[in-house]
Student: 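Below: one structure in structure tokens.
All of these numbers come straight from a predicted model, not from anything done at the bench.
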Amino acid sequence: MAAQKVAIVGAGASGLCALKCCLDEGLEPTCFERSRFIGGLWRFEHPEEGRASIYRSVIINTSKEMMCFSNFPIPEDFPNYMIMEYFRMYAQHFDLLHHIRFRTSVCRVSKRPDFAATGQWEVVTESEGKQEAAVFDAVLVCTGHHTEAHLPLNTFPGLEKFEGWYLHSRDYKSPQSFSGKRVVVVGSGNSGIDIAVELSQATEQVFLSTKRGTWVLHRVADGGYPFDFSYLSRFTQLFQSLLPQKAISFLLERKLNARFDHELYGLRPQHR
């Protein structure tokens, strides 16, 4: 019996994992990547128009011990918060690259006329201006949830009269173009806080706008160890299971407020 053919859309973090797992199961995968490189969102070196990617200064907020794939640990001498070089090593180690068709866009995925009997899909791709159709037994869509920017302009009345410049965080790459300006960063998620901190070094003034506030956790814990490596353990899970939720919240809030008082900076949220 011929190996089942699988189409994988995207060669980012999930696409590489999907490719590796398909090979482990004896399937015949083909990964389609519209750019010339692996890494997806996490690749900055060659920013392209219309493609989501990180900003130059981004630092992942998960330590190497926690974010690495279970079958390929990150070398001990690597920096703690890194990712792109690791993806290259992963792809090379498991010989994934020759299963990837670069500079190939997926135009359409549709069920075959005999789908009810075969479960097969027709995938139409385009490369160098030429389209090609192929049949696959399964399709894995690994384009990520940051592919399209969520920019709800209708929630900002009066924006059409605003004479300044607005953009989504996915279009932010560096602070140079904001030099000397007054900037509002809307949202206190990971990218919002990152960008606000970086802009504060180049702009006249930065305002961070948050609807509900947030508890700010630092990457580094006591003793200089990564926060997740120090606190996400079997011991802490057991400890938390023995204490009431209110007691756990009290201890965590006290720990976070020791860095800075969230109430003082208007960041304390209503949730514990």
Student: Out of curiosity, I193 CD1 to T214 OG1, how far, rounded to the nearest 0.5 Å?
Tutor: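 Rounded to the nearest 0.5 Å, the CD1-OG1 separation comes out at 6.0 Å.
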Student: Is a side-chain donor or acceptor of S249 paired with a backbone partner of K246 at a separation under 3.5 angstrom?
Tutor: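 Answer holds: no.
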Student: Could you tell me which residues satisfy side chain to side chain donor-acceptor pair (under 3.5 Å) with R101, sequence neighbours excluded, listed by chain and number?
Tutor: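 R101 satisfies side chain to side chain donor-acceptor pair (under 3.5 Å) with E132 only.
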Student: Using side-chain hydrogen bond (donor to acceptor under 3.5 Å, both in side chains) as the criterion, point out the one residue from Q120, Q4, K5 that pairs with D137.
Tutor: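 Checked Q120, Q4, K5 against D137; only one passes side-chain hydrogen bond (donor to acceptor under 3.5 Å, both in side chains): Q120.
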Student: Under the 3.5 angstrom rule, does the side chain of T236 hit a backbone N or O of Y231 as a donor-acceptor pair?
Tutor: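 Pair found, side chain donor or acceptor close to backbone of Y231.
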Student: Calculate, to the nearest 0.5 Å, the distance between atoms OG1 and NZ belonging to T118 and K111 respectively.
Tutor: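 Those atoms lie 11.0 Å apart.
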Student: For the atom pair OG (S188) and CH2 (W215), what is the distance rounded to the nearest 0.5 Å?
Tutor: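 S188 atom OG to W215 atom CH2 measures 12.5 Å (nearest 0.5 Å).
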Student: What orientation do F72 and Y90 show, parallel under 30°, tilted 30 to 60°, or perpendicular over 60°?
Tutor: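 Taking Y90 first and then F72, their aromatic rings stand perpendicular (interplane angle over 60°).
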Student: Would the distance check show the side chain of T155 and the main-chain N or O of L153 forming a donor-acceptor pair, the cut-off being under 3.5 Å?
Tutor: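 Checked: no pair found.
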Student: For S57, give me all partners under side chain to side chain donor-acceptor pair (under 3.5 Å), at least two apart in sequence or on another chain.
Tutor: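 S57 satisfies side chain to side chain donor-acceptor pair (under 3.5 Å) with E198 only.
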Student: Can you tell whether the side chains of R272 and E253 come within less than 4.0 Å, N to carboxylate O?
Tutor: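 Salt bridge between R272 and E253, a charged N being under 4.0 Å from a carboxylate O: yes.
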Student: I'd like to know if the side chain of S179 and the backbone of Q176 have a donor-acceptor N/O pair within less than 3.5 Å.
Tutor: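 Not a single qualifying donor-acceptor pair exists.
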Student: If you measure from CZ on F227 to CG on L217, what distance do you get to the nearest 0.5 Å?
Tutor: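 Going from the CZ atom of F227 to the CG atom of L217 covers 4.5 Å.
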Student: Please round to the nearest 0.5 Å and tell me the distance separating atom OH of Y172 and atom OG of S191.
Tutor: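 These two atoms lie 11.0 Å from each other.
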Student: A quick test of your reading: do over 12 heavy atoms of other residues, nucleotides or ligands sit less than 6.0 Å from CZ of R212?
Tutor: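 Result for CZ/R212: open.
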Student: Please confirm whether the backbone N or O of F260 pairs with a side-chain atom of H262, one donor and one acceptor, at under 3.5 Å?
Tutor: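 Yes: the side chain of H262 pairs with the backbone of F260.
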Student: So how far is it from I100 CD1 to E33 CD, rounded to the nearest 0.5 Å?
Tutor: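 So the CD1 of I100 and the CD of E33 are separated by 7.5 Å.
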Student: Looking at residues at least two apart in the chain, or sitting in another chain, which of them share a side chain to side chain donor-acceptor pair (under 3.5 Å) with K64?
Tutor: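 Listed in chain order: nothing, the list is empty.
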Student: D228 side chain to S63 main-chain N or O, any donor-acceptor pair under 3.5 Å?
Tutor: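 Looks like yes, one N/O pair under 3.5 Å.
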